[in-house]
*Asks:* 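Take a look at the following structure, please.
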Amino acid sequence: MKMSDDEIFRLEVARWLRAHLRGEFECLRHRGGPGDEDAHPELRKRWERELARGGWTCVGWPREHGGRGLSIAQQVIFHEEYARAGGPGRMGHIGEGLIGPTLIAYGTEAQKRRFLPGIVAGTEFWCQGYSEPNAGSDLANVQTRARRDPATGEWVLHGQKVWTSLAHESQWIFVVARSDPESKGNRGLSFLLVPLDQPGIAIRPIKQLTGTAEFNEVFFDGARTAAENIVGQPGEGWAIAMALLGFERGVSTLGQQMHFAHELDLVCEMARVNGAASDPAIRARIAQAWIGLKVMRYNALRMLAGAQDGHLRREAMMYKYYWSNWHRELGKLAMDVLGPDGDVVSDDPTRTRLQQLFLFTRADTIYAGTNEIQLNIIAERALGMPKEPRFEKGKS
Amino acid sequence: MNFALSDDQKLIRDSAENFLADASSSAAVRRAMENDTGYDPALWQRIGAELGWCGTHIPEAHGGLGLSFVELTLLMEQMGRRLVCTPFFSSICLAATALMEAAREDARRRLLPRLASGEMTATLALADSGVDWRPDALTASARRLGSRYVLEGRFRHVPDGASAELLLIPALLERRWALFAVDGKAKDLVRKPLKTLDPTRRIAEVRLDGVGLPEDALLGEGPEVGEGLNRTADFAAIALAAEQLGGAQQCLDLTLAYTAQRVQFGQPVASFQAVKHRCAEMMVMIEAARSVVYGAARVASAGPGTTELSLEAACAKSLASDAFFFCAQEAIQLHGGVGFTWEYDPQLYFKRAQGTSHWFGSTPALHERVASPLLGPAR
């Protein structure tokens with residue numbers, strides 16, 4: 001039987017990964033995912049450059065911007081094979097998945113020339129400066145200020161960002177800042193690209209309940225960036241920031257699912273080994289987890305089929321809520337399978353992995369829109385229910 | 001696997017939606033459920049003869065339209081939304097599928113065209129003694145008597161078993177699987193209509209007290225009949241899941257409409273976060289079930305292997321059952337006092353949700369079906 005182009009492509013990806021994810025990179029298999037993002041950062045950066053040499057970064061970008069120009073079907077194949085091979089969490093994912101596509105859509109020609117090649121080559125890394133201490137769920141309540149220096153035209157920033165993952169490993173941050181001091185809410189914001197290595201910026205890691213520190217606080221005290229490092233016009237920051245979030249729901253969700261499937265395999269294996277598999281309640285929960293994986297897979301295929309008509313549909317709007325709650329429940333299930341051993345720290349890698357899963361997945365239902373915000377979005381945008389009454393300060 | 005619907009499929013779905021909004025309104029359902037048979041013969045006539053729905057997944061060679069299982073589930077979803085009272089599920093999803101999967105070609109040629117045109121109704125009797133309605137547990141037996149057969153057995157819950165003109169009966173014949181066709185009027189066939197909590201679907205107890213059958217009543221025999229009936233149960237479970245999905249969706253739609261116009265504390269109750277989050281959770285469960293039901297329908301239409309089909313059915317049916325019950329329960333709660341009345345519709349969906357939750361496998365039984373290949377058999 002003759003193989004289809006997609007089948008040939010799948011073999012090509014798998015073969016390349018087998019040949020390259022070895023030697024010094026062998027120890028990166030299945031590492032660096034959510035909850036494990038601080039694993040081997042330098043080696044994972046080298047891995048990014050290895051991928052780049054093979055032409056496996058930015059595979060969905062158009063060729064004219066240095067991408068591989070893959071069809072959606074082939075992007076899905078790439079992400080599936082990458083996850084199947086245990087490819088490590090991508091250090092470059094914020095550049096490749098978020099700021100890159102944003103610049104391709106809204107950046108100037110000069111910005112594309114300056115920034116895209118470093119993302120494709122795996123030499124420049126990015127982080128995201130959205131959340132602030134008082135702008136969490138109420139993201140539009142940004143207080144970080146940006147003003148123009150009349151002498152140089154540069155942007156000068158004061159304020160603080162928080163929950164910035166990989167800030168300490170990145171060269172650049174994209175920041176939503178208030179450029180019109182009189183403005184409130186989502187007006188008067190600008191979207192700025194700021195170099196991290198400068199005296200006006202301090203980065204402080206946040207120790208999480210996991211005991212590790214993937215997230216940071218980033219302080220801006222007179223930090224500067226060149227006049228041309230604004231995406232869109234001053235005041236258009238909110239629109240750009242929201243458009244960027246739209247790029248987050250890409251085909252990479254199918255790769256994420258392979259990662260989840262691997263975690264569920266670990267849980268099943270543990271249950272078979274330690275006898276938890278004979279508990280009917282555990283069996284039912286494992287079955288539900290497996291069914292949930294099928295939901296996510298078919299849901300992602302629906303998203304891809306629906307993506308053709310542009311607007312965000314119900315299957316896309318429920319996706320974050322669904323996967324994050326599924327994943328959090330998997331973490332609890334893993335611990336219940338471990339039983340009393342789950343409380344004991346050991347050097348067994350599977351046990352450590354499952355304990356990290358349990359702890360880190362508490363973040364899944366908080367970052368990128370908490371459960372509560374997700375349900376508001378679903379109710380208001382997908383179901384068209386009326387908005388909550390909002391209370392302004394000073395009014396009763 | 002491509003999840004995009006073709007233009008023809010969209011047309012089938014949309015025209016069914018429009019037709020049923022009128023033909024199976026709440027008032028129409030309430031009239032039909034008071035009938036002896038539990039359905040409106042005029043509506044059944046239109047579905048069969050005018051719209052041709054009965055032939056959807058039956059091959060053209062056997063008088064059908066030769067469409068796929070995807071089209072069948074699209075119709076079932078719309079029928080579920082409107083609690084359509086007809087023998088469509090028993091006649092088409094169950095009996096026609098059983099003929100296609102488990103009967104010999106001559107039997108298919110003889111019987112399928114009459115089902116496809118809607119001129120005859122039929123049902124399939126499955127033993128429900130096992131935990132998940134697998135036909136494995138045969139409760140009826142047959143013996144040869146010259147060139148004739150004699151059938152003995154009892155089936156406790158047969159969908160539309162009292163009104164169906166033809167009953168398909170699986171039985172053990174000389175220690176082999178066999179499938180028989182029994183005329184509804186056959187002598188020594190005792191059909192006892194059961195009063196059901198869900199008034200929108202009828203069930204009967206069927207007893208065969210030595211029913212004598214002619215030679216051509218034997219539709220198929222051998223292990224392939226057993227395999228075919230197991231597959232039939234899985235196809236039917238997916239079709240039923242689509243129906244449940246439609247019911248769940250309607251519970252949400254009714255709730256959205258009601259909470260938008262019900263004013264308390266000077267505001268529509270739909271603006272309160274406690275209400276919005278419940279509705280959002282209903283949507284999440286519905287869309288999760290929808291993804292898996294649509295996926296299962298695509299697998300089902302692609303000639304799946306038996307194991308694959310049975311896992312797809314387990315996923316689709318368990319999620320759709322749970323989503324339907326949750327949405328029906330929330331619909332009553334979020335309608336407040338009127339949700340508890342006979343007059344408002346949530347009660348009808350609530351009863352349908354509970355009634356269908358055990359058909360073709362309760363959720364715990366289906367979970368075990370999924371768990372066993374992952375973890376080994378239960379001890």
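Being a predicted model, the structure only gives us computed values, none of them experimental. Proteins get letters first, then strands, A, B, ... in listed order; numbering begins at 1 in each.
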*Asks:* Using 0.5 Å steps for rounding, measure from the CE atom of M318(A) to the CD1 atom of I286(B).
*Replies:*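 Between atom CE of M318(A) and atom CD1 of I286(B) there are 10.0 Å.
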
*Asks:* Heavy-atom count around Q333(B) CD within 6.0 Å, excluding the residue itself: above 12?
*Replies:*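 Counting neighbours around CD of Q333(B), 12 or fewer heavy atoms of other residues, nucleotides or ligands fall under 6.0 Å, so no.
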
*Asks:* Considering only distance and modelled atom types, tabulate donor-acceptor pairs under 3.5 Å from the side chains of residues 369-376 of chain A, sequence neighbours left out.
*Replies:*
from    : atom 1 : to      : atom 2 : distance (Å)
T370(A) : OG1    : E372(A) : N      : 3.4
T370(A) : OG1    : I373(A) : N      : 3.1
N371(A) : OD1    : N325(A) : ND2    : 2.9
N371(A) : ND2    : N325(A) : OD1    : 3.0
Q374(A) : NE2    : A368(A) : O      : 3.1
Q374(A) : NE2    : G369(A) : O      : 3.4
N376(A) : OD1    : Q273(B) : NE2    : 3.0
N376(A) : OD1    : H277(B) : NE2    : 2.7

*Asks:* Just so I understand: if I count every heavy-atom pair under 4.5 Å between each of R298(B), M285(B), E368(B), M282(B) and chain A, which residue has the most?
*Replies:*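 Top option by heavy-atom pairs under 4.5 Å: E368(B).
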
*Asks:* Between Y319(A) and E287(B), does a side chain to side chain contact (heavy atoms under 4.5 Å, CB included) hold up when you go through it step by step?
*Replies:* CA-CA 9 Å; Y319(A) 193 68; E287(B) 295 307 319; over 6 Å; no

*Asks:* A quick test of your reading: do over 12 heavy atoms of other residues, nucleotides or ligands sit less than 6.0 Å from CZ of R29(A)?
*Replies:*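 Yes, the 6.0 Å shell around CZ holds more than 12 heavy atoms from other groups.
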
*Asks:* Identify which part of A260(B) has an atom lying under 4.5 Å from any heavy atom of chain A, answering side chain, backbone, both or neither.
*Replies:*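 Contact with chain A involves no heavy atom of A260(B) at all.
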
*Asks:* I'd like to check M303(A) versus F3(B) (side-chain heavy atoms, cut-off strictly below 4.5 Å). Are they in contact?
*Replies:*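 Side chain of M303(A) against side chain of F3(B), heavy atoms only: no contact under 4.5 Å found.
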
*Asks:* Between L256(B) and chain A, with a heavy-atom cut-off of 4.5 Å, which part of the residue counts as in contact: side chain, backbone, both or neither?
*Replies:*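 The side chain, not the backbone.
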
*Asks:* Quick one: CE on M283(B) to CZ on R314(A), what's the gap to the nearest 0.5 Å?
*Replies:*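 Here the interatomic distance stands at 6.0 Å.
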
*Asks:* Could you give the distance from CG (L319(B)) to NZ (K294(A)), rounded to the nearest 0.5 Å?
*Replies:*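 Rounded to the nearest 0.5 Å, the CG-NZ separation comes to 11.0 Å.
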
*Asks:* Taking side chain as everything from C-beta outward and backbone as N, CA, C, O, which of these in V299(B) sits under 4.5 Å from a heavy atom of chain A? Side chain, backbone, both or neither.
*Replies:*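 Only the side chain of V299(B) comes within 4.5 Å of chain A.
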
*Asks:* Would you mind checking which part of S318(B) comes under 4.5 Å of any heavy atom in chain A, side chain (CB onward), backbone (N, CA, C, O), both or neither?
*Replies:*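 For S318(B), the side chain is the part near chain A, not the backbone.
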
*Asks:* Please tell me whether Y294(B) and Y298(A) form a close aromatic pair, meaning their ring centres lie under 6.0 Å apart.
*Replies:*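 Ring centroids of Y294(B) and Y298(A) are no less than 6.0 Å from each other.
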
*Asks:* Under 4.5 Å, heavy atom to heavy atom, which residues of residues 278-291 of chain A contact chain B?
*Replies:*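 Answer by number: S278(A), R283(A), A284(A), I286(A), A287(A), Q288(A), W290(A), I291(A).
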
*Asks:* Could you give the distance from OG1 (T255(B)) to CE (M385(A)), rounded to the nearest 0.5 Å?
*Replies:*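 Going from OG1 on T255(B) over to CE on M385(A), the span is 9.0 Å.
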
*Asks:* To the closest 0.5 Å, what do you measure between NZ (K276(B)) and CD1 (I377(A))?
*Replies:*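 These two atoms lie 11.0 Å from each other.
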
*Asks:* Side-chain contact test, heavy atoms from C-beta onward, threshold under 4.5 Å: evaluate it for L252(B) versus L383(A) and give yes or no.
*Replies:*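 The answer is yes; the side chains approach within 4.5 Å.
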
*Asks:* Less than 4.5 Å apart, side chain to side chain, heavy atoms only: is that true for S271(B) and K387(A)?
*Replies:*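 The answer is no, as the side chains (C-beta and beyond) never meet within the 4.5 Å cut-off.
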
*Asks:* Among A316(B), P364(B), P377(B), single out the residue with the greatest number of heavy-atom pairs under 4.5 Å to chain A.
*Replies:*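 Looking at each option in turn, the highest pair count goes to P377(B).
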
*Asks:* Looking at E315(A) and R290(B), does any basic side-chain N land under 4.0 Å from a carboxylate oxygen?
*Replies:*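 So E315(A) does not pair with R290(B) through a salt bridge.
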
